[in-house]
Protein chains: 2
Amino acid sequence: MSRPHRRATVHDIAAAAGVSRGTVSRVLNGGYVSAEARAAIEAAITEVGYVPNNAARALKMRRSQAVAFVALEPHSLFLDDPNIGSIMLGANAALSLADHQMVSLVVESARDTERVARYLSGGFVDGAIVVSARTRDPIIKVISELALPAAFVGHPPDLDQSIPFVGIDNAGSAQAITARLLAGGRRRIGMIAAALDRDSGIDRLAGFKAALGTAYDAELVADVPHYDYGSGVKGMRALLAAEPAIDGVFAASDAIAAGALEALREAGRSVPGDVGVVGFDDSTWAVRCQPQLSTVHQPAKQLGSCAAQLVLRQLRGEVLEPGGQLLPTPIVWRESA
Amino acid sequence: MSRPHRRATVHDIAAAAGVSRGTVSRVLNGGYVSAEARAAIEAAITEVGYVPNNAARALKMRRSQAVAFVALEPHSLFLDDPNIGSIMLGANAALSLADHQMVSLVVESARDTERVARYLSGGFVDGAIVVSARTRDPIIKVISELALPAAFVGHPPDLDQSIPFVGIDNAGSAQAITARLLAGGRRRIGMIAAALDRDSGIDRLAGFKAALGTAYDAELVADVPHYDYGSGVKGMRALLAAEPAIDGVFAASDAIAAGALEALREAGRSVPGDVGVVGFDDSTWAVRCQPQLSTVHQPAKQLGSCAAQLVLRQLRGEVLEPGGQLLPTPIVWRESA
């Protein structure tokens with residue numbers, strides 16, 4: 001049952017066919033050899049199970065036909081954020097149509113960072129899509145220095161401005177859904193703000209403040225580290241402690257909103273009767289919750305597909321304008337507010 | 001703001017240094033050149049921003065130091081199954097320690113299948129980890145034919161038996177948790193069985209039957225296509241229609257169990273009072289549910305890390321025994337039964 005794990009080489013073909021390696025190479029590269037030698041070599045190719053090495057061909061063309069999909073912060077992305085799967089599938093579909101192989105790379109440790117930076121600079125990929133980019137990340141530095149065709153999903157303002165991005169208007173979307181809560185008659189509205197070390201977190205809080213204007217009360221903001229369920233439970237408990245009369249909550253993600261619903265249940269508050277809750281993402285969480293969430297729709301699949309297009313256009317030689325594009329984020333109003 | 005997108009070559013260095021390409025190659029490969037030429041070439045390398053092509057080096061060594069992580073059925077894996085992220089992170093951590101780059105490949109369409117098969121056979125990776133392998137998949141065929149060092153997560157019995165696997169005992173685990181439901185005094189126990197076209201689905205149903213023995217009633221099995229929440233809602237409605245006196249349910253996944261809780265809420269049944277519900281996976285669903293799920297723990301991270309070890313051992317030249325290993329799956333008893 002054991003298998004030989006060595007790939008057959010030109011050398012093996014030559015030995016099996018009883019010809020020189022040069023003759024085998026001529027056949028493989030479409031050159032002239034005698035009919036007899038060609039027949040012997042073709043039989044030998046089948047016999048030894050030779051498969052041409054496309055990595056070699058890619059190298060000759062200086063193109064690998066592969067594009068990296070780099071997920072920074074994989075723990076929160078892969079375990080807590082249901083959008084990452086959709087972004088990946090969207091990017092893969094667009095790259096696949098253009099006959100490019102998407103290779104997804106996980107960066108979790110310092111060791112990963114170094115190795116992925118080497119991989120990106122090593123000729124294995126022609127370009128890169130980066131999700132959750134952060135300033136001063138060594139991987140972003142490598143991409144900038146190499147001028148590797150790249151695109152960001154999201155748009156931290158202080159990153160290499162020559163790298164195009166696709167994202168959403170976090171501030172505008174947060175402002176719009178908070179305004180809708182206000183329009184529904186809620187008067188003591190709090191926010192569970194998350195990831196305030198990232199542009200998405202900062203912008204969602206800015207939008208919340210903008211919607212409330214002079215009614216904004218810093219006491220009614222619970223600051224939690226991650227966009228996850230557990231943070232939502234804790235954040236909501238903190239808000240209830242700070243203001244028992246709270247009647248509206250904007251959660252920075254659907255997972256946080258789901259956690260908030262749990263904490264409100266614990267506290268005996270009804271939703272949307274006593275407290276209206278809204279989320280952000282329109283991920284699978286939104287429809288699993290009881291009641292289902294009113295939320296901001298993130299076009300995750302399209303974000304992936306647009307980022308892939310930005311890389312493919314650079315690979316076709318287009319010089320893109322700096323900057324990026326923001327995709328629309330409609331509000332989806334369900335039952336939680 | 002536009003950037004040149006061509007990688008600098010040996011030719012560029014030679015032009016900038018005013019020496020021949022052969023001289024540049026000698027420096028890059030550690031050969032002898034005059035101190036003067038060396039200084040000029042080193043300055044030129046910095047000037048043109050040359051980065052050595054590791055893909056070329058990998059090719060020469062016939063090793064890419066990369067291992068593919070191939071997720072078949074990406075839709076259900078990436079969007080419905082919270083385990084896939086943990087399996088990926090587990091595999092990545094183990095490969096990273098051994099200085100191998102994990103490249104995750106998505107296979108969603110026929111186009112993807114062909115391209116990924118070419119990629120696997122093209123010298124870009126040294127081995128592959130395959131999740132959700134299915135018989136007759138063209139990708140499995142390519143791996144078998146190439147004798148590419150590989151490992152499966154899961155163990156469909158009719159796949160290439162020379163490829164090692166790591167998995168869990170689905171039948172034994174299902175039997176154990178059903179027995180625990182029975183031991184709690186439940187008498188009319190149904191199952192929401194899913195994915196009966198796959199070994200995991202078939203084995204979980206077999207374990208359920210084995211636990212019930214002569215008490216098994218085929219009327220109390222709802223057969224749903226996927227391991228997802230929506231299937232759980234529908235499956236539970238079907239069971240309630242078939243047997244209004246049902247007092248226990250084994251759901252083939254935690255996501256299904258979460259859907260079942262929703263359908264039971266709709267029908268005005270209390271959990272665990274009227275109906276005891278148990279799941280399978282111990283994924284993030286289990287603790288998000290209300291009440292939290294009693295379930296079978298799947299060691300997702302370890303599955304990924306063991307599969308990576310199986311590939312690494314082959315890359316080190318070990319010839320593995322055929323077959324595989326089953327990891328323990330403790331029962332986690334919470335509040336839903």
Side-chain angles (χ1 to χ4, degrees), chain A residues 1-5 7 49 51 53-56 58-59 62 64 66 74-75 78-80 82 84-86 88-89 92-93 96-97 99 101-106 108-109 111-112 115-116 118-119 121-124 145-149 161-162 229 258 262 265 284 288 290 314 317 319-320 322, chain B residues 1-5 7 49 51-56 58-59 62 64 66 74-75 78-80 82 85-86 88-89 92-93 96-97 99 101-106 108-109 111-112 115-116 118-119 121-124 145-149 161-162 229 258 262 265 284 288 290 314 317 319-320 322:
Chain A
M1 296 301 269
S2 82
R3 305 177 306 152
H5 279 150
R7 288 172 68 92
V51 180
N53 192 317
N54 291 326
L59 205 69
R62 305 193 73 77
S64 65
H75 245 108
F78 284 104
L79 305 182
D80 297 324
I84 188 74
S86 296
M88 275 180 67
L89 294 181
N92 184 67
S96 182
L97 270 178
D99 268 324
Q101 179 63 49
M102 184 177 89
V103 299
S104 178
L105 312 175
V106 166
E108 194 180 23
S109 62
R111 205 184 177 94
D112 287 342
R115 199 193 51 252
V116 165
R118 282 201 306 275
Y119 190 83
S121 62
F124 297 103
E145 285 174 1
L146 283 175
L148 190 72
Q161 294 299 317
S162 72
Y229 180 91
E262 172 60 21
R265 230 184 328 259
T284 44
R288 288 175 198 161
Q290 192 59 28
Q314 294 172 69
V319 177
L320 304 184
Chain B
M1 296 300 269
S2 80
R3 304 177 306 152
H5 281 148
R7 289 172 67 92
V51 179
N53 193 316
N54 291 326
L59 207 70
R62 305 194 73 76
S64 64
H75 246 107
F78 283 105
L79 305 183
D80 297 323
S86 296
M88 275 180 66
L89 294 181
N92 185 66
S96 182
L97 271 178
D99 268 323
Q101 178 62 49
M102 184 177 90
V103 299
S104 177
L105 311 175
V106 166
E108 193 179 24
S109 61
R111 203 182 178 96
D112 286 342
R115 199 193 51 253
V116 166
R118 282 201 306 274
Y119 191 82
S121 62
F124 296 102
E145 286 175 1
L146 282 175
L148 190 72
Q161 294 299 316
S162 72
Y229 179 90
E262 171 61 21
R265 228 183 329 258
T284 44
R288 287 175 201 163
Q290 192 56 29
Q314 294 172 69
V319 176
L320 304 185

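Chain A is the first sequence line, chain B the second, and so forth, proteins listed ahead of strands; every chain is numbered from 1.
Here the shortest heavy-atom pairing between Val106(A) and Met88(B) reads CG2-CE, 3.8 Å.
Side-chain contact between Val103(A) and Tyr119(B) is present, with at least one heavy-atom pair separated by less than 4.5 Å. Contact annotation: the side chain of Gln290(A) never approaches that of Gln290(B) to less than 4.5 Å [non-hydrogen atoms, C-beta and beyond].
Heavy-atom distances place both the backbone and the side chain of Ser96(A) under 4.5 Å from chain B. Heavy atoms of Gln101(A) lying under 4.5 Å from chain B belong to its backbone as well as its side chain.
Applying the side-chain hydrogen bond (donor to acceptor under 3.5 Å, both in side chains) criterion to Arg111(A), with sequence neighbours excluded, gives no partner residue.
Distance check, rounded to the nearest 0.5 Å: CD of Glu108(B) to CG of Asn92(A) gives 6.5 Å.
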